[in-house]
Amino acid sequence: MVKATQPSRWINLAPALIAAIIDISVTIIHQPKEYWDGNLDKANEGNPIGATLMANHVSGLFLISGIWVILIIILGYYLPNKLSKYFLLFTLIAHSYGASTWISPRYGYWSAMVLILFNTTTYLFANDLIKQRLKKTL
């Protein structure tokens, strides 16, 4: 089995990170004004961990998001290659779903489908790029 090179590990991380950042951004943008004004009961988040942190402080969303992005990088980079791929694909799918729950009701079904198409294309592009690099090194 060919071990992933350092550059290909970073390429492999990109689609999951992009999906996470899109989901986090959409979550931040669509929090109600009352939440940002300090009414923590107005926090709107489906992830129970994120919801708990958001219910305790306005910065909770940023805290959990920062920790999660760091975890994606650490786990995606340092897990064995096969486990890393499974984890990163799961992360990509989970954040595609999460962002789609914000996007579809506000911007319509097709907007969510465009997001999922974008995330899928990013994943496949990264995969193809890694395969091309591996062929060059073999």
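Values below: every heavy atom of this structure, side chains too, minus hydrogens, waters and symmetry copies.
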S.K.: Do Val69 and Ile24 come within less than 4.5 Å of each other through their side chains, counting heavy atoms only?
M.R.: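 Yes, their side chains come closer than 4.5 Å.
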S.K.: Check the orientation of His95 and Trp68. Use parallel for under 30°, tilted for 30 to 60°, and perpendicular for over 60°.
M.R.: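 Taking Trp68 first and then His95, their aromatic rings sit tilted (interplane angle of 30° to 60°).
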S.K.: Hey, are the side chains of Tyr35 and Asn44 touching, using non-hydrogen atoms and a 4.5 Å cut-off?
M.R.: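 Result no, sub-4.5 Å side-chain heavy-atom pair not found.
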S.K.: Could you give the distance from NZ (Lys85) to CZ (Arg9), rounded to the nearest 0.5 Å?
M.R.: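 Going from the NZ atom of Lys85 to the CZ atom of Arg9 covers 9.5 Å.
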S.K.: With Asp41, which residues qualify under salt bridge (Lys or Arg N to Asp or Glu O under 4.0 Å), at least two apart?
M.R.: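 With sequence neighbours excluded, Asp41 shows a salt bridge (Lys or Arg N to Asp or Glu O under 4.0 Å) to no residue whatsoever.
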S.K.: Membership question, hydrophobic clusters at under 4.5 Å side-chain separation (ILVMFWY): are Ile73 and Phe90 in the same one?
M.R.: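 No, it is not one cluster - the side chains of Phe90 and Ile73 are not joined through contacts under 4.5 Å.
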S.K.: Side-chain heavy atoms under 4.5 Å apart, restricted to Ile/Leu/Val/Met/Phe/Trp/Tyr: what other residues fall into the cluster of Val114, or is it alone?
M.R.: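 Its cluster mates, by chain and number: none.
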S.K.: Using a cut-off of 6.0 Å, state whether more than 12 heavy atoms not belonging to Trp36 lie near its atom CH2.
M.R.: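 It does: Trp36 CH2 has more than 12 such atoms within range.
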S.K.: Taking all non-hydrogen atoms of both residues into account, name the closest pair between Lys33 and Asp37 and its distance.
M.R.: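 Looking at all heavy atoms of both residues, the closest pair is NZ-OD2, 2.6 Å.
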S.K.: Check the hydrophobic clustering (I, L, V, M, F, W, Y; side-chain heavy atoms under 4.5 Å; chains of links allowed) and say if Tyr109 and Val26 are grouped together.
M.R.: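 No, no single cluster joins them.
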S.K.: Grab the two heavy atoms, one from Thr101 and one from Gly98, that are nearest each other, plus how far apart they are.
M.R.: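 The answer is OG1-O, 2.6 Å.
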S.K.: Only pairs under 3.5 Å count here: list side-chain donor-acceptor contacts from residues 48-55, not counting sequence neighbours, and write none if there are none.
M.R.:
{"unit_1": "Thr52", "atom_1": "OG1", "unit_2": "Pro48", "atom_2": "O", "d": "2.8"}

S.K.: Is there a path from Ile74 to Leu92 through hydrophobic residues (I, L, V, M, F, W, Y) whose side chains come within less than 4.5 Å of each other?
M.R.: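 No, it is not one cluster - the side chains of Ile74 and Leu92 are not joined through contacts under 4.5 Å.
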S.K.: Please round to the nearest 0.5 Å and tell me the distance separating atom CD1 of Ile11 and atom CG of Leu129.
M.R.: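 Ile11 CD1 to Leu129 CG: 4.0 Å, rounded to 0.5 Å.
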S.K.: Ile18, Phe125: one ILVMFWY side-chain cluster at the under-4.5 Å cut-off?
M.R.: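 Shared cluster, no.
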S.K.: So, using salt bridge (Lys or Arg N to Asp or Glu O under 4.0 Å) as the criterion, who are the partners of Lys135 when residues are at least two apart?
M.R.: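 Listed in chain order: nothing, the list is empty.
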S.K.: With rounding to the nearest 0.5 Å, note down the distance linking OG in Ser8 to CD in Gln132.
M.R.: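 Those atoms lie 12.5 Å apart.
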S.K.: If you apply the rule side-chain contact (heavy atoms from CB on, under 4.5 Å), what do you find for Ile28 with Phe62, and how did you get there?
M.R.: CA-CA 9 Å; Ile28 291 168; Phe62 299 102; 3.5 Å; yes
S.K.: Quick one: which residue pairs count as a side chain to side chain donor-acceptor pair (under 3.5 Å) with a foot in residues 56-66, not counting sequence neighbours?
M.R.: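 Sorted pair list: His57-Ser59.
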S.K.: Side chains of Glu45 and Ile64: does their closest heavy-atom pair fall under 4.5 Å?
M.R.: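 Result no, sub-4.5 Å side-chain heavy-atom pair not found.
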S.K.: Between side-chain atoms of residues 116-124 and protein atoms elsewhere (two or more places apart, or another chain), which donor-acceptor pairs fall under 3.5 Å?
M.R.:
{"unit_1": "Asn119", "atom_1": "ND2", "unit_2": "Ser96", "atom_2": "OG", "d": "2.8"}
{"unit_1": "Thr120", "atom_1": "OG1", "unit_2": "Ile116", "atom_2": "O", "d": "2.8"}
{"unit_1": "Thr121", "atom_1": "OG1", "unit_2": "Leu117", "atom_2": "O", "d": "2.7"}
{"unit_1": "Thr122", "atom_1": "OG1", "unit_2": "Phe118", "atom_2": "O", "d": "2.8"}

S.K.: Starting from Ile21, can I reach Leu61 by hopping between I/L/V/M/F/W/Y residues whose side chains sit under 4.5 Å apart?
M.R.: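 Each belongs to a different hydrophobic cluster.
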S.K.: Report the C-alpha distance between Ser111 and Leu115 in whole Å, list the side-chain angles of each, state the deciding distance to 0.1 Å, and finish with yes or no for side-chain contact (heavy atoms from CB on, under 4.5 Å).
M.R.: CA-CA 6 Å; Ser111 296; Leu115 169 72; over 6 Å; no
S.K.: So how far is it from Tyr86 OH to Thr91 OG1, rounded to the nearest 0.5 Å?
M.R.: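 So the OH of Tyr86 and the OG1 of Thr91 are separated by 14.5 Å.
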S.K.: Search all heavy atoms of Phe87 against all heavy atoms of Leu79 and return the closest pair with its distance.
M.R.: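 Closest heavy-atom pair between Phe87 and Leu79: CB-CD1, 4.1 Å.
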S.K.: Search all heavy atoms of Gly38 against all heavy atoms of Val58 and return the closest pair with its distance.
M.R.: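 Smallest interatomic distance, heavy atoms only, reads CA-CG2, 4.3 Å.
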S.K.: Heavy atoms only: give me the nearest Ala112-Ile103 pair and the separation to one decimal.
M.R.: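 Nearest pair, atom of Ala112 first, then Ile103: N-CG2, 3.6 Å.
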S.K.: With a 4.5 Å heavy-atom cut-off, do Leu75 and Leu88 have their side chains touching?
M.R.: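 Side chain of Leu75 against side chain of Leu88, heavy atoms only: no contact under 4.5 Å found.
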S.K.: So, for Pro15 and Ala126, which heavy atoms are closest and what is the spacing to 0.1 Å?
M.R.: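 What the structure gives for the nearest pair is CG-CB, 3.7 Å.
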S.K.: Given the rule in the ring pair (Phe, Tyr, Trp, His ring centres under 6.0 Å) test, do Tyr107 and Trp102 qualify, once you have shown the distances and angles that lead to the verdict?
M.R.: CA-CA 9 Å; Tyr107 306 106; Trp102 287 105; over 10 Å; no
